[in-house]
Amino acid sequence: MSNLATLLEVGGPVAALGGGAAYARAKNPVLYWCTVGGPASTARLLGSYASVMEACGLTVAPSRLRILAVKATTRREVRPVPPRRGIIRPTTTGLRLRLRLAPGQEPADLAASAERLRHAWGVHAVYVTIVKPGVVELRLVGFDVLRKVRMPRKAETGFLKVPVALREDATPFVRDYRSVPHQLTLGATLSGKSMYLRHLISGLATQRIALVGIDCKRGVELAPFAPRLSALATDPAEAADLLPVLVKEMEDRYDLIKARQGIAPGTPEEEITSDIWGLPRSERPVPIVLFVDEVAELFLVATKKDEERRDEMVTQLIRLAQLGRAAGIYLEVCGQRFGAELGKGATMLRAQLTGRVCHRVNDEASAKMALGDIAPEAVQAACAIAPERPGLAVAGDTSGGWSRIRTPYLSLGAAADTCREAAHLVPELPALNPFRPDVPVQPVESSALAA
């Protein structure tokens, strides 16, 4: 009886700890990783590093000098040499460590063994990034960070840079318009595309940038951000009037750049430029970001007259995509679907949009249009997105790289409040004044009038 009582006394707290750990793993994975998962994975890594590397074929034969040194000092067997391991750095989502590759190894060797390393060390995923020639960083992610998105506190921000989502390797996905000027964003209804758009607009609203919108759903997506918009078109007819104005603004900026280039001989090289960023700050026009929501509506036609207008608008969009970057004009083209069957110019426009973000779509053709020229496996990943995970998407660019991302929740009211508070940052662009949306006056509460 005494032994049974002792077991009950010891087993009660152990069961409580086990239950608490299981609850934390399901409800608060960060807490579980920091208290249980992280230390356990670190111990596995430290205790099995050499044997795991050898089992994965990531070791090389030792040098002759090493063989002579081992034989001269000890009688133990000379074993193959794994990559030299650096200090393990724990994070709230996983572990990081740098490896110096052995002679003859390449980062692709480690990337090919990432799944083996994941199982050996008991983590959710392993990612390999190149730090410099001969040095790579292993990023071990302890749990599914896309199940409940928490953006890192330290995210890269700056002018024309907006952290909008979290990558599957726990790093922020930053939309950088200077490096990726134009982007195509696709997503079916309730896929999270609107949430992605809210983060973009609210992030750009606090910067000295002109925001222009074309929303052919009568403005229901972009109208809440009207206080911060310099122009808004809510149907194809208004878009047909707005796009020529943007093209004319682009041409005027090229004239400004050209005038700056016509400088007398002997002018320092730093004063000669081919885009607006080389102009003096006092002469530099503000950047313009054009949001096109439901781009398919611009391609649809019902009559011969609509077809002529469509062709003209598509031509102007292609011109902005081809020439807008140097003039500081950037495109964010969004839609539920996008395919070559939309009509003439669709494929040409797609080719100019360097960045691609594909949420859950209703047909494989749209996923192929967005990601097919990047990587076939990216198309498969986009088609596998479940409806139960809104905001999950596959992001890539025409360099061939891609990754899964997920946008955190942001209410429409919070994004609209940000735009309303930043209304004073709307730059003065006389050409866009006729298209400036009417902002309704906020009703004043009776209590405020009484005060």
Side-chain angles (χ1 to χ4, degrees), residues 7-53 55-56 85-99 110-111 113-129 136-156 163-174 192 195 199 381 384-395 403-410:
L7 289 174
L8 291 176
E9 291 178 359
V10 175
V14 172
L17 288 175
Y23 180 82
R25 186 173 189 175
K27 298 297 183 180
N28 195 333
V30 175
L31 176 62
Y32 175 82
W33 171 257
C34 293
T35 56
V36 180
S41 294
T42 303
R44 289 194 198 99
L45 195 156
L46 291 173
S48 64
Y49 176 77
S51 60
V52 168
M53 287 293 170
C56 294
R85 176 177 55 81
I87 299 174
I88 299 176
R89 293 173 293 169
T91 67
T92 56
T93 58
L95 303 172
R96 293 186 187 181
L97 68 153
R98 291 189 176 184
L99 304 180
L110 279 169
S113 300
E115 190 68 13
R116 295 182 179 185
L117 299 178
R118 177 178 83 87
H119 288 287
W121 295 331
V123 294
H124 178 74
V126 176
Y127 300 95
V128 180
T129 57
V136 298
E137 182 180 69
L138 285 187
R139 181 185 293 270
L140 282 64
V141 180
F143 53 92
D144 185 4
V145 296
L146 300 184
R147 184 166 66 90
K148 186 177 181 181
V149 178
R150 294 184 179 182
M151 293 295 290
R153 294 181 180 179
K154 295 181 180 180
E156 182 183 4
V164 291
L166 187 69
R167 295 182 186 270
E168 59 185 344
D169 63 353
T171 59
F173 174 74
V174 180
M195 196 73 63
H199 277 275
I385 296 176
E388 296 79 19
R389 282 201 169 187
L392 189 64
V394 176
S403 63
R404 293 179 183 87
I405 64 171
R406 194 176 188 188
T407 310
Y409 177 76
L410 177 65

Novice: List the residues meeting salt bridge (Lys or Arg N to Asp or Glu O under 4.0 Å) with Arg85, not counting sequence neighbours, and say none if there are none.
Specialist: none

Novice: Mind listing the closest non-hydrogen atom pair of Pro39 and Cys34 along with its distance?
Specialist: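 Heavy atoms only, the tightest pair is CD-O, 3.9 Å.
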
Novice: Search all heavy atoms of Met151 against all heavy atoms of Pro408 and return the closest pair with its distance.
Specialist: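 Heavy-atom minimum between the residues: CG-CG, 3.8 Å.
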
Novice: Write down the atom of Val30, the atom of Phe143, and the distance for their closest heavy-atom approach.
Specialist: CG2-CZ, 3.7 Å

Novice: Looking at every heavy atom in both Met195 and Tyr409, which two are closest together, and how far apart are they?
Specialist: CE-CD1, 3.5 Å

Novice: Is Val52 close to Leu117 at the side-chain level, that is, under 4.5 Å between some pair of heavy atoms?
Specialist: yes

Novice: Of all residues at least two apart in sequence or in a different chain, which pass the salt bridge (Lys or Arg N to Asp or Glu O under 4.0 Å) check with Arg389?
Specialist: Asp144

Novice: To the nearest 0.5 Å, how far apart are CG in Leu95 and CD1 in Ile88?
Specialist: 6.5 Å

Novice: Determine the minimum heavy-atom distance between Ser403 and Arg167, stating which atoms define it.
Specialist: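 So the minimum-distance heavy-atom pair works out to OG-NH1, 2.7 Å.
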
Novice: Has His124 got a side-chain atom pairing as donor or acceptor with Gly94's backbone, closer than 3.5 angstrom?
Specialist: no

Novice: I'd like to check the salt bridge (Lys or Arg N to Asp or Glu O under 4.0 Å) partners of Arg89; sequence neighbours left out, ordered by chain and number.
Specialist: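 With sequence neighbours excluded, Arg89 shows a salt bridge (Lys or Arg N to Asp or Glu O under 4.0 Å) to Glu137, given in chain and number order.
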
Novice: So which of Thr407, Leu146, Ile405 actually passes side-chain contact (heavy atoms from CB on, under 4.5 Å) with Leu392?
Specialist: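 Exactly one option meets the side-chain contact (heavy atoms from CB on, under 4.5 Å) with Leu392, and it is Leu146.
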
Novice: Is it true that a side-chain atom of Arg406 and a backbone atom of Arg147 form a donor plus acceptor pair closer than 3.5 Å?
Specialist: yes

Novice: Treating Ser41 as the side-chain partner and Trp121 as the backbone partner, does any N or O pair qualify as donor plus acceptor under 3.5 Å?
Specialist: yes

Novice: Please report the interatomic distance CE(Met53) to OG(Ser48), rounded to the nearest 0.5 Å.
Specialist: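 The CE atom of Met53 sits 9.5 Å away from the OG atom of Ser48.
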
